[in-house]
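Each chain gets a letter, A, B and so on, in the order the sequences are listed, and its residues count up from 1.
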Amino acid sequence: MNKDNQILKQRREKAEALAALGVNLYSNSFKPANAIKDLLPKGKHLAPEAFDETRFTYTIAGRILSMRKFGKAAFCHIVDSSARIQVYVKMDTVGDEQYAAFKKWDIGDIVGIAGKLFKTQTGELSVQADTLTMISKSLRPLPEKWHGLTDVETRYRQRYVDLIVTPEARETFRKRVEIIRLTREYLNNRGFMEVETPMMQPVPGGATAKPFKTHHKALDMDLYLRIAPELYLKRLLVGGFEKVFEINRNFRNEGLSTRHNPEFTMLEFYQAYATYHDLMDLTEELISWLSQEVNGTMEIEYQGTKVNLAPPWNRLTMDEALVSVGGISPEVLTDPSKILDLAREKGIKLEEQAGPGKAKTELFELLVEERLINPTFITSYPTEVSPLARKNEENPEITDRFELFITGREIANAFSELNDPIDQRQRFVKQIEERGDDEEVHPVLDEDYVRALEYGMPSAAGEGIGIDRLVMLLTDSPSIRDVILFPHLKPETKGQEPEKKHNPGCPCSR
RNA sequence: GGGUCGUUAACUCAGUCGGUAGAGUAUCUGCCUUUUAAGCAGAGAGUCGCGCGUUCAAGUCGCGCACGACCCA
């Protein structure tokens with residue numbers, strides 16, 4: 001009946017033995033007075049072996065990560081959320097009774113220690129324990145101490161284990177939190193207000209992507225998880241809030257990769273009376289500052305490639321980039337039919353209605369994008385591929401838009417906003433005509449958004465920054481799954497029959 | 001969606017030509033009161049991802065499936 005392996009069995013037996021000694025295995029009464037980090041500077045002046053019984057008693061709590069047991073003494077390393085310290089447990093000091101219980105302690109247990117600071121012969125600051133408290137008995141073994149947990153699937157599926165044993169993972173997620181906190185601070189300090197707009201939208205807009213669909217029962221209506229907050233944030237500009245931002249999740253019902261998770265975190269911000277030029281300045285300042293704050297430098301390395309984030313950053317129009325980086329001759333760019341021919345020549349499949357703007361953008365993605373290692377703003381995107389951006393006043397074929405590329409990846413997308421409701425309606429209609437056959441992307445005209453524009457939206461510029469990709473860059477993480485605590489994975493089927501598609505016997509089936 | 005590789009003890013990994021399943025860590029027992037990948041001696045631990053096939057015999061060969069990684073679309 002008990003299919004558990006030997007180690008799990010032994011752990012349970014040990015726990016039972018401890019309980020038989022009268023130990024509460026899950027005590028809730030221990031309050032650590034000290035963070036381990038706070039003890040570290042206090043030991044600087046201590047000399048090895050000069051132990052003094054009258055020293056101050058500290059209380060700490062944490063998880064046992066390693067243990068070296070002798071007959072009547074032992075060393076363990078204990079980690080809390082702040083730091084790690086060695087604890088020395090000596091039978092003479094803690095007494096026979098506590099020591100007998102201590103013998104049943106395991107790596108992985110969460111424990112409380114009261115004791116005094118001293119330095120060992122080797123000079124390591126340690127706590128000599130006076131009293132020992134079991135706070136939570138662990139019933140499962142942790143991964144091996146030397147190699148740690150390297151199986152990426154287990155790291156993602158059991159992130160809690162990863163966080164226990166992989167200091168780099170803890171560091172990455174601390175940095176992620178810090179990046180988001182600093183970004184909020186930066187925008188708040190510049191008068192932006194953080195708002196929350198709907199996650200569930202009747203018309204998914206603001207981007208081109210397949211949405212997740214859900215259903216509201218009471219209203220009997222379909223809703224979509226948002227693919228972008230853009231159209232709601234701009235409604236707030238109409239409402240009179242001049243600087244707004246939102247940092248939250250977007251959802252896109254598309255493939256998974258090292259750069260795509262179905263739910264991901266996006267920063268979007270909008271500023272009235274600003275242009276995309278203002279946002280380039282802001283972006284450059286924000287991201288270089290974030291790197292300085294989080295990494296202590298603007299010169300970072302991403303997967304072995306050096307990247308210099310110090311401003312000023314390179315700014316190129318798409319045409320300039322196609323020529324100088326992509327190696328396309330300038331004459332081709334001025335002739336629409338030659339651009340289309342070149343795109344087809346390069347193996348790009350274009351839809352029938354695709355124009356030169358689409359072809360240029362595809363050529364850019366193919367020939368230029370991955371070669372933009374240091375931060376580069378690409379401007380003057382074709383109007384054809386920018387349904388929400390303002391047309392350039394001198395040349396209606398292009399928009400006042402930029403995308404930011406670092407290490408060959410798109411990090412940000414921004415533009416001076418289109419606030420002409422008639423132009424907006426025409427572009428929506430055109431977009432729907434082009435995508436009308438693709439039901440999955442749900443091309444529906446957002447009438448209310450056009451109505452909002454008809455009331456008048458101030459001139460404005462807005463930007464979206466993919467937070468996950470930014471965190472990847474600043475933490476040198478190869479996969480988006482390394483910067484999302486619980487990334488999307490297919491369900492485990494270990495030891496089970498794969499889910500049956502039809503299960504009429506299941507009361508929970510729809 | 002296509003291709004390549006992977007899946008063996010709790011973890012990290014070996015496993016030759018198809019012939020009774022191996023190591024280190026972890027665990028258990030004994031010794032050990034300043035170790036830090038502690039040490040010494042001994043022991044236990046496996047649905048070899050799942051299924052089917054070939055074979056006297058499959059971790060190993062073949063086919064299918066699941067999950068994952070990487071590359072491509």
Side-chain angles (χ1 to χ4, degrees), chain A residues 2-15 17 43 46-51 64-79 84-96 98-99 102-109 115-129 138-158 161-162 164-166 254-260 303 346-350 362 365-366 370 477-482 487-501:
Chain A
N2 191 354
K3 286 203 279 181
D4 291 339
N5 72 49
Q6 185 193 24
I7 292 180
L8 295 189
K9 242 185 231 166
Q10 284 169 342
R11 283 269 174 130
R12 287 206 186 118
E13 284 163 10
K14 242 196 230 187
L46 292 179
E49 288 190 275
F51 187 73
I64 301 174
L65 279 193
S66 68
M67 188 128 64
R68 292 169 294 283
K69 280 183 180 171
F70 301 81
K72 297 183 175 67
F75 290 92
C76 341
H77 273 104
I78 295 207
V79 64
R84 193 183 83 136
I85 198 165
Q86 183 170 259
V87 170
Y88 182 42
V89 180
K90 202 158 73 152
M91 191 152 114
D92 292 349
T93 315
V94 301
D96 294 1
Q98 283 201 94
Y99 202 82
F102 170 73
K103 282 189 166 176
K104 306 276 182 209
W105 285 19
D106 288 303
I107 293 170
D109 292 350
K116 303 179 180 73
L117 281 176
F118 78 110
K119 262 187 190 163
T120 63
Q121 280 179 356
T122 54
E124 179 165 351
L125 182 70
S126 307
V127 173
Q128 178 161 327
S138 169
L139 299 179
R140 284 179 182 270
L142 289 174
E144 190 216 2
K145 60 186 168 189
W146 192 239
H147 297 90
L149 186 61
T150 62
D151 179 64
V152 290
E153 188 176 350
T154 310
R155 290 188 55 209
Y156 299 149
R157 284 196 198 280
Q158 295 181 256
V161 178
D162 185 36
I164 292 169
V165 301
T166 316
E254 293 176 357
L256 286 76
S257 78
T258 50
R259 272 169 288 187
H260 299 86
Q303 302 296 296
K346 296 279 182 190
I348 294 166
K349 284 174 207 141
L350 291 170
E362 294 279 344
E365 283 175 17
L366 182 70
E370 65 181 18
S477 301
S479 167
I480 197 169
R481 290 177 163 181
D482 296 320
H488 186 79
L489 294 170
K490 290 191 188 178
E492 289 179 276
T493 52
K494 212 175 183 178
Q496 297 168 18
E497 287 285 304
E499 273 303 304
K500 288 190 180 95
K501 285 273 152 47

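Between A/Q121 and B/U35 there is a side-chain polar atom (N or O) within less than 4.0 angstrom of OP1 or OP2. OP1 and OP2 of B/A45 both lie 4.0 Å or more from every side-chain N or O belonging to A/N5. Within the 4.0 Å cut-off from OP1 or OP2 of B/A69, at least one side-chain nitrogen or oxygen of A/R481 is found.
Ring-plane geometry between A/F118 and A/Y88 is classed as tilted, the angle between the planes lying from 30 to 60 degrees on a 0 to 90 degree scale.
Nearest-nucleotide assignment on RNA chain B puts the 5′-proximal partner with A/P143, out of A/P143 and A/S126. Summary of the strand contacts: A/K90 and A/M67 both lie near RNA chain B, and taking for each the nucleotide with the nearest heavy atom, the more 5' one is attributed to A/K90.
Of the candidate nucleotides B/G68, B/U12, B/G44, B/G44 has the atom nearest to the side chain of A/Q6. Among B/U35, B/C70, B/A37, the nucleotide with an atom closest to any side-chain atom of A/T258 is B/C70. Considering only side-chain atoms of A/V152, the nucleotide from B/U12, B/A69, B/U34 that sits closest is B/A69. The nucleotide whose nearest atom lies closest to any side-chain atom of A/R157 is, among B/A10, B/U34, B/C67, B/C67. Side-chain proximity of A/F70 to B/U35, B/C13, B/A73: nearest is B/U35. Ranking B/U33, B/C28, B/G68 by closeness to the A/K14 side chain, first place goes to B/C28. The listed nucleotides are B/A45, B/A26, B/U35; the one nearest the side chain of A/P141 is B/A26.
If you check B/C13 for Watson-Crick or wobble pairing at under 3.5 angstrom, you find it paired to B/G22. Here B/U35 sits opposite no nucleotide as a Watson-Crick or G-U wobble pair (both hydrogen-bonding atom distances under 3.5 Å). Nucleotide B/U29 is matched to B/A41 when pairs are restricted to Watson-Crick or G-U wobble geometry with both distances under 3.5 angstrom. Pair check for B/C61 finds B/G53; Watson-Crick or G-U wobble, both atom distances under 3.5 Å. Under the Watson-Crick or G-U wobble criterion, with both distances below 3.5 Å, B/U4 is paired with B/A69.
Residue contacts for A/G148: at a heavy-atom cut-off of 4.0 Å it reaches the sugar-phosphate backbone alone, with no base atom in range. Within the 4.0 angstrom heavy-atom criterion, base atoms lie near A/K72.
B/A9 and B/G62: their C1' atoms are spaced 28 Å apart (whole Å). A distance of about 12 Å separates the C1' atoms of B/A14 and B/G59, rounded to the whole Å. Here, B/U60 and B/U7 have their P atoms 11 Å apart, quoted to the whole Å. B/A43 and B/C67 have their C1' atoms separated by 35 Å, given to the nearest Å. B/U25 and B/G39 have their C1' atoms separated by 15 Å, with the value rounded to a whole Å. Spacing between B/C48 and B/C11 at atom P, rounded to whole Å, works out to 15 Å. Nucleotides B/A45 and B/A58 have their C1' atoms positioned 24 Å apart, rounded to a whole Å. Taking the C1' atom of each, B/C50 and B/A66 are spaced 7 Å apart, rounded to whole Å.
Side chain of A/K90 to main chain of A/Q128: no donor-acceptor pair is present (N/O by atom type, distance under 3.5 Å, no hydrogens or angles). Here the side chain of A/N5 pairs a donor or acceptor atom with the backbone of A/I7 at under 3.5 angstrom. The main-chain N or O of A/A73 is found under 3.5 Å from a side-chain atom of A/Y99 such that the two form a donor-acceptor pair. Listed for the A/R12 side chain is no donor-acceptor partner under 3.5 Å among the backbone atoms of A/L139.
Every residue meeting the side-chain hydrogen bond (donor to acceptor under 3.5 Å, both in side chains) condition with A/D162, not counting sequence neighbours, appears here in chain and number order: A/R155, A/R159, A/T166.
Its glycosidic angle being within 90° of 0, B/C17 falls on the syn side.
For B/U35, its base never sits under 3.5 Å from the side chain of A/E124 at any donor and acceptor pair. In terms of polar N and O atoms assigned as donor or acceptor, the side chain of A/T120 comes within less than 3.5 Å of the base of B/U35 in a complementary pairing.
Side-chain N/O atoms of A/Q86 and A/T120 include no donor and acceptor closer than 3.5 Å.
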